[in-house]
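Presented below is the structure to which this report refers.
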Number of protein chains: 2
Amino acid sequence: MTAATADDAPTQVPVILGDRSYDILIGTGLIESAGETIAARYPGRAVAVVTDAHVGAIHAEALEAGLAGAGIRHQRITVPPGEATKRFAMLEQVVDEILAARMERGDIVLALGGGVVGDLAGFAAAIVRRGMGFIQMPTSLLAQVDSSVGGKTGINTRHGKNLVGAFYQPGLVLADTDALDTLSTREFRAGYAEVAKYGLIDDPAFFGWLEQNWRGVFQGGRDRVHAIAVSCRAKAAVVARDETETGDRALLNLGHTFGHALESATGYDGSRLVHGEGVAIGMAQAFRFSAKLGLCAADDAARMAAHLTTVGLPTELAHIPGGVGDVDRLMTAIGQDKKVSRGALTFILARGIGQSFIARDVDPVAVRAFLTEELARI
Amino acid sequence: MTAATADDAPTQVPVILGDRSYDILIGTGLIESAGETIAARYPGRAVAVVTDAHVGAIHAEALEAGLAGAGIRHQRITVPPGEATKRFAMLEQVVDEILAARMERGDIVLALGGGVVGDLAGFAAAIVRRGMGFIQMPTSLLAQVDSSVGGKTGINTRHGKNLVGAFYQPGLVLADTDALDTLSTREFRAGYAEVAKYGLIDDPAFFGWLEQNWRGVFQGGRDRVHAIAVSCRAKAAVVARDETETGDRALLNLGHTFGHALESATGYDGSRLVHGEGVAIGMAQAFRFSAKLGLCAADDAARMAAHLTTVGLPTELAHIPGGVGDVDRLMTAIGQDKKVSRGALTFILARGIGQSFIARDVDPVAVRAFLTEELARI
């Protein structure tokens, strides 16, 4: 496997959503060339670059040099890194800075960063002047394969994660795979949980490919571009079928109901548990719960957990430092999860690897019994 | 002309917007019967009633009795009356109370009140869980003929009015014309400015009808229902052609660029100038400006101003207590108006009564000269 070079043309993944269709470009050097790309696609528009202090310090200068070189008026807006930034006060601040920069409705909000920046900046783009232009430039693996595709934007509230937001599609996603080289191994792994998820949902061949080629994905080069492109295509296909999550888009939540409950139970403290780790444990729990319910072979649950373990991801509550409280706390966190539908519990369960399905009306008593067992494994 | 009775079936005005189409029902007794109406159209949904302290004290009990009678779970959320309520902090509070009431995505936010409540509650409905059900129950004339139809929701920022929000269509609008009997004459008149606007935009026959029948509209009964229904049909037709205001929906802004600037210049102080009064002066200015530019007969500008004066509406800067500052202040307020497009000034001008049009690239120098004349009339 040879590494991709800057000369390679980016891989283009279209997201088909009627008059809100857009392209995801995946490849190397996209941050440096973004000015040129934007000038060609959006002539005459100004750009508000929303980034966090960490990502901005690494990538903003290269991006801004390209914007300046293409004659694009631009303004940087910097927010603190971390999930706590996804809150009303920061939303108001970003909105205010966009307006202070005299950005008009046709101008562009560009999110340069991970999921937090993308969710916050995208929500700001959705609501300033009731909708500005929006470009995602995801710099984390998680954002490249998940949050930057599909138009979900939003913030957290004290009642839970992502409970306030908008469905707002970007006009363009530029996923620069070079940017992932600056991630910590822990952060890359967390994003990898979402990559593995696409195999576990409905693509057993891709899961098998990952079991064989995960080192190449971590290392960079063509394997990484391939894994990201497969993930984006999978997500784009689901989003195209169900933009606003009234139907099978919910499959993308595999591992997320348990995962969000764990994030809530750890107070969204990234030093203890980041989102992708919550999803990794949540997916392993979804498979174990499916096995316990007799829906899925125990071997499949063991196999998927083994792969997550191999790449260094957590799969058990015991892997969370500091614990997650008792079963009541977890049940409360699950009950408040936004995927609750009219009082019934909805989970994504599995009949095997690549055979996930939406289970509505899951008996809360069964969930409680399962979580009690899980807590006993600690 | 006889008064309408509670036995009259409401007038139904459909708003045709594809899968976001909805009905406006206009008539008497609709607040009392809302529980029944909602139970029939939205079985099993809970309702968060967002209202202000003033309107809530008058109408909420009757509404809630109907909701309770229809077996609908409901929760009242009260905000302070007045334009100052349309701000981030109040949005956050309303969102928080909706979530605290454990409202789910399929449940309904019901706005009971005027434009402020409708804009704020509608924006909250748009963003909680990325979009809940939404019903408008407008209790002011302004809200019945304008803000509750068309899906514009939002809040103000220090940079200007309605600069943050969403296009979010209600599922149903219930315009109870009885509710208008509790308005002050000043507030009714302010709403009447928007009624007259529909005649001035493109319906000279309706403007003529208003000149003959305005007393009936103020008094209540069938004339009032007729005027509201004609206004809603006019707005619905424009919105159906141009939901997100990229084209001729801008016609609805007749009087609003000047009007918003006056609201800004008076610090959104409703004791000095309410929105409809700003629109009345703004429309008179749009006609005088059109006449000055040689686009419109001076007689038409005088005729429309005379009718506004007859019903007791202001038409001159001199009618605003406390003044509006100098021409620089007004120009700044106009430049910041959200209807600026790529640096050029856009105004709705007129070739006559019922012959309004969108004028793009209006010369700021001509606007300044006109406003200097207007200030000299004080």
Side-chain angles (χ1 to χ4, degrees), chain A residues 18-19 43-46 73 87-107 119 123-132 151-160 162-168 243-246 335-344, chain B residues 18-19 43-46 73 87-107 119 123-132 151-160 162-168 243-246 335-344:
Chain A
D19 60 2
R45 312 293 184 89
R73 179 168 78 86
R87 65 179 195 272
F88 257 107
M90 291 307 309
L91 176 69
E92 182 173 8
Q93 184 181 314
V94 169
V95 158
D96 199 66
E97 291 190 40
I98 292 170
L99 288 168
R102 301 186 79 87
M103 294 283 161
E104 300 177 10
R105 193 166 164 193
D107 292 328
D119 286 1
F123 191 24
I127 65 176
V128 173
R129 301 178 187 275
R130 299 199 184 92
M132 295 178 58
K152 280 196 187 178
T153 70
I155 56 176
N156 306 321
T157 81
R158 66 186 178 84
H159 297 286
N162 296 317
L163 287 177
V164 175
F167 287 99
Y168 197 67
E243 186 177 359
T244 57
E245 196 171 357
T246 50
Q336 186 54 51
D337 185 274
K338 71 177 184 303
K339 286 175 284 297
V340 174
S341 171
R342 314 224 57 74
Chain B
D19 61 0
R45 311 294 184 89
R73 179 168 78 86
R87 65 180 196 272
F88 257 107
M90 291 307 306
L91 176 70
E92 182 173 7
Q93 184 180 316
V94 168
V95 159
D96 198 67
E97 291 190 41
I98 292 169
L99 288 167
R102 300 187 80 87
M103 295 283 162
E104 300 176 10
R105 194 166 164 192
D107 292 327
D119 286 2
F123 191 24
I127 65 176
V128 173
R129 299 176 188 276
R130 300 198 182 92
M132 295 178 57
K152 280 195 186 180
T153 70
I155 56 176
N156 305 323
T157 80
R158 66 186 178 85
H159 297 285
N162 296 318
L163 287 177
V164 175
F167 287 99
Y168 197 67
E243 186 177 1
T244 57
E245 197 171 356
T246 50
Q336 186 54 52
D337 187 273
K338 72 176 183 303
K339 286 175 285 299
V340 173
S341 171
R342 313 222 57 75

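Keep in mind the model is a prediction, meaning the values are calculated, not measured. In the text below, chain A, chain B and the rest are named by the order of the sequence lines, each starting its count at 1.
Separating the NE2 atom in A:His159 from the CE atom in B:Met103 is a distance of 12.0 Å, to the nearest 0.5 Å. Between atom CZ of residue B:Arg130 and atom CG of residue A:Asn162 there is a gap of 5.0 Å, rounded to the nearest 0.5 Å. Residue A:Phe88 holds its CZ atom at 4.5 Å from CD1 of B:Ile127, rounded to the nearest 0.5 Å. Taking CG of A:Leu99 as the start and OG1 of B:Thr157 as the end, the distance is 5.0 Å to the nearest 0.5 Å.
Only the side chain of A:Phe123 comes within contact range of chain B, with at least one heavy atom under 4.5 Å from a heavy atom of that chain. If you measure heavy-atom distances from B:Val95 to chain A, the contacts under 4.5 Å come from the side chain alone. Contacts of B:Ala100 with chain A are made by both backbone and side-chain atoms, with heavy-atom separations under 4.5 Å.
Highest contact tally toward chain B, considering only A:Val164, A:Val128, A:Ile155, is held by A:Val164 [criterion: heavy-atom pairs under 4.5 Å]. Interface summary for chain B: among A:Leu91, A:Ile98, A:Thr153, the most heavy-atom pairs under 4.5 angstrom belong to A:Thr153.
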